[in-house]
Amino acid sequence: MRDQDPSPVGPERRLSTREAAELLGVKPETVYAYVSRGLLGSRRTPGGRGSTFDAAEVEALARRNRRGAAGSSADAGRPAGDGSFGGGESSGGSVGTGGSVGSGGSGGLGGELSVRTRLTLIGSDRYYFRGVDAVDLATRHTYEEVAEWLWTARLRPGAEFVAPDAPVAVARRAVDALPEHATPTDRLRVAAIAAATADPLRFDLSEEAVLGTARTLIPTLVAALPPVVPGRHRDTGPLAHRLWTRLTGREADEAYLRVLDTALALLVDHDLAASTLAVRVAASARAHVYAAVSAGLGVLEGPLHGAASGLAHKLLLEVLDQGDAAPVIADELRAGRRIPGLGHRLYSGEDPRARALFTLLDEVPQAAPALAAARDIVATAARDTPLHANVDLALAVLTASSGMPAGAGETIFAVARTAGWIAHALEEYGERPLRMRPSGQYTGPRPPRPLPEPHTGGPTRHG
């Protein structure tokens with residue numbers, strides 16, 4: 001094993017297995033183990049039986065291995081397994097040309113996960129879709145047009161999504177069979193799987209087929225949701241108009257519909273949030289699009305992810321009821337709870353999505369009381385902690401002021417993010433399969449152990 005650092009290599013150069021092993025300071029067998037774990041990509045030699053490796057990727061892995069070795073003594077005092085991914089939205093993947101996966105440790109995908117993507121970049125309190133300011137896109141183009149941009153890097157003016165009759169009928173029957181207390185995400189997840197059963201071509205993962213599914217699945221999910229007022233719903237036209245009738249019984253006006261459409265476009269993607277990572281793992285295993293979306297919906301339902309807007313909605317209603325944010329926030333803090341709708345791990349200032357929605361809501365007279373309550377919440381909380389509004393609080397203003405239930409924000413989030421999930425699935429289908437295979441850090445008893453004795457007594461009592 002070499003003690004010196006590997007020398008820099010050119011980004012276009014490919015290495016043989018022997019060269020890669022020498023650069024990494026490991027045996028050739030270990031190089032292939034890195035490939036099987038998804039830590040390193042390989043390519044067969046044309047006309048030969050060997051494999052070649054991207055020199056820049058090998059050197060990056062060598063650097064991570066050295067950092068992991070240097071940090072092993074510092075980590076010795078930490079509990080085993082420390083450094084899980086955690087909840088909420090990730091700190092962002094590195095932007096690159098492919099989908100290589102990196103990690104901060106040498107044994108697998110421990111530490112921070114990094115997935116190269118061409119889709120979304122977050123930085124300096126702004127975010128971008130394929131290099132274009134996402135807020136500018138969302139405020140000037142419809143949700144469907146922004147989704148098309150994310151999927152294809154082409155803008156299709158007037159893009160419209162149409163749901164076929166057959167999957168809609170199957171999805172509606174499945175959703176209608178759910179109990180009344182089913183959550184919005186329950187309904188969307190059931191609708192996605194039901195629609196999959198009506199699509200015999202769902203296992204076609206070619207780009208053309210996946211894009212075709214994307215343009216029909218999203219409107220199918222919306223069409224499967226029951227309208228608030230039976231018989232008063234839309235199944236044609238802009239998606240925001242169709243979704244409105246599934247969220248509130250109030251008549252829509254152009255100002256509110258614009259806010260809803262912009263909210264959908266703003267929420268299309270936000271890099272590697274927990275639900276998006278789940279989608280990429282499913283796509284890495286070559287699950288079809290419906291199953292990948294279902295994986296995202298399953299994670300979204302967690303209380304640390306999609307449910308945040310519902311908590312902000314309830315807080316906003318309490319402030320409106322009492323007429324003052326101070327006692328409501330005092331009660332939240334006294335109970336040891338965080339104030340929902342405030343702060344974001346990726347933005348030091350105000351969430352740009354919230355800022356864009358508040359600007360539009362300023363133009364809606366009916367939203368004025370809820371908007372004032374939201375600003376009261378921000379001002380009151382800022383007396384002690386410099387927290388800013390995030391998109392959950394802006395969604396709460398939209399949902400509370402338009403007569404929508406607390407779960408409406410989660411529905412808006414899920415429908416919007418489905419487009420981003422499919423964009424990430426498309427990227428992942430272009431990568432080598434099963435590359436997202438972390439290595440477990442075993443913390444159990446050291447083997448070998450004797451076979452356990454059969455338990456014949458009664459229930460075990462403790463203390």
Side-chain angles (χ1 to χ4, degrees), residues 129 134-151 155-163 168 171 184-185 187-188 191 214-229 232-270 293 300 306 309 313 353-354 356-364 366-367 370 391-392 394-405 407-423:
F129 292 154
V135 172
D136 286 346
L137 269 177
T139 53
R140 298 181 187 185
H141 296 279
T142 67
Y143 165 71
E144 291 92 328
E145 291 168 348
V146 173
E148 288 284 349
W149 171 254
L150 203 64
W151 295 335
L155 202 60
R156 290 179 55 212
E160 184 174 342
F161 300 158
V162 179
V168 168
T185 309
R187 295 188 174 96
L188 291 170
R215 294 172 183 130
T216 59
L217 175 56
I218 296 174
T220 297
L221 295 180
V222 173
L225 296 173
V228 174
V229 178
R232 190 196 299 174
H233 63 275
R234 295 184 58 171
D235 288 327
T236 59
L239 196 85
H241 295 208
R242 295 180 239 177
L243 183 59
W244 179 273
T245 60
R246 270 79 181 182
L247 299 176
T248 179
R250 294 187 185 178
E251 291 289 341
D253 60 45
E254 286 304 316
Y256 262 129
L257 287 173
R258 186 187 176 203
V259 176
L260 178 57
D261 183 65
T262 303
L264 290 168
L266 289 167
L267 291 166
V268 160
D269 190 45
H270 208 233
V293 168
L300 182 71
S309 62
H313 177 108
R353 301 167 298 178
L357 290 178
F358 285 147
T359 298
L360 290 178
L361 287 163
D362 260 328
E363 302 172 8
V364 183
Q366 302 95 310
V391 73
D392 296 317
L395 282 178
V397 174
L398 167 61
T399 56
S401 66
S402 57
M404 297 179 186
E410 185 175 339
T411 305
I412 295 168
F413 191 105
V415 170
R417 191 56 59 87
T418 299
W421 291 335
I422 294 173

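Small disclaimer: the values here were computed from a predicted structure and weren't measured.
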Partners meeting salt bridge (charged side-chain N to carboxylate O under 4.0 Å, His left out) with [X] (sequence neighbours left out):
| X | result |
| --- | --- |
| Glu251 | Arg232 |
| Arg246 | Asp235 |
| Arg258 | Glu363 |

Residue list, side-chain hydrogen bond (donor to acceptor under 3.5 Å, both in side chains) with [X], at least two apart or on another chain:
| X | value |
| --- | --- |
| Thr248 | none |
| Arg215 | Glu148 |
| Ser401 | Tyr256 |
| Asp392 | none |

Any side-chain heavy-atom pair of [X] and [Y] under 4.5 Å:
| X | Y | value |
| --- | --- | --- |
| Thr359 | Thr139 | no |
| Val268 | Leu137 | no |
| Leu300 | Leu188 | no |
| Val135 | Leu266 | yes |
| Thr418 | Leu221 | yes |
| His270 | Val391 | no |

Any idea which heavy atoms bring [X] and [Y] closest together, and the distance?
| X | Y | result |
| --- | --- | --- |
| Leu260 | Ala240 | CD2-O, 3.4 Å |
| Val229 | Gly249 | CG2-CA, 3.7 Å |
| Ala414 | Trp421 | O-CZ3, 4.3 Å |
| Leu361 | Val397 | CD1-CG1, 3.6 Å |
| Arg187 | Leu225 | CB-CD2, 3.9 Å |
| Gly409 | Thr399 | N-CG2, 3.8 Å |

With [X] via side chain to side chain contact (heavy atoms under 4.5 Å, CB included) - residues at least two apart:
| X | answer |
| --- | --- |
| Ala423 | Leu119, Leu150, Trp151 |
| Leu155 | His141, Glu145, Trp149 |
| Ala134 | Tyr127, Phe129 |
| Pro405 | Ala408 |

Which residues share a ring-ring contact (aromatic ring centres under 6.0 Å, His included) with Tyr143, sequence neighbours left out
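Scan of Tyr143 (ring-ring contact (aromatic ring centres under 6.0 Å, His included), adjacent residues dropped) gives none.
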Counting distance only, does the side-chain N/O of [X] pair as donor-acceptor with the main-chain N or O of [Y] below 3.5 Å?
| X | Y | value |
| --- | --- | --- |
| Trp244 | Arg250 | yes |
| Glu144 | Leu239 | yes |
| Arg353 | Ala263 | no |

Counting neighbours of CZ on Arg156 that are heavy atoms of other residues, nucleotides or ligands and sit closer than 6.0 Å, is the number greater than 12?
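It does: Arg156 CZ has more than 12 such atoms within range.
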Spatial distance of atom [atom1] ([X]) from atom [atom2] ([Y]) [nearest 0.5 Å]:
| X | Y | atom1 | atom2 | value |
| --- | --- | --- | --- | --- |
| Phe161 | Thr142 | CZ | OG1 | 7.5 Å |
| Leu267 | Leu357 | CG | CG | 7.5 Å |
| His313 | Leu395 | NE2 | CG | 11.5 Å |

Between Leu264 and Ile412, is the side chain to side chain contact (heavy atoms under 4.5 Å, CB included) condition met? List the steps.
CA-CA 7 Å; Leu264 290 168; Ile412 295 168; 3.9 Å; yes
The test is side chain to side chain contact (heavy atoms under 4.5 Å, CB included); show your working for Met404 and Thr411 and say whether it passes.
CA-CA 11 Å; Met404 297 179 186; Thr411 305; over 6 Å; no
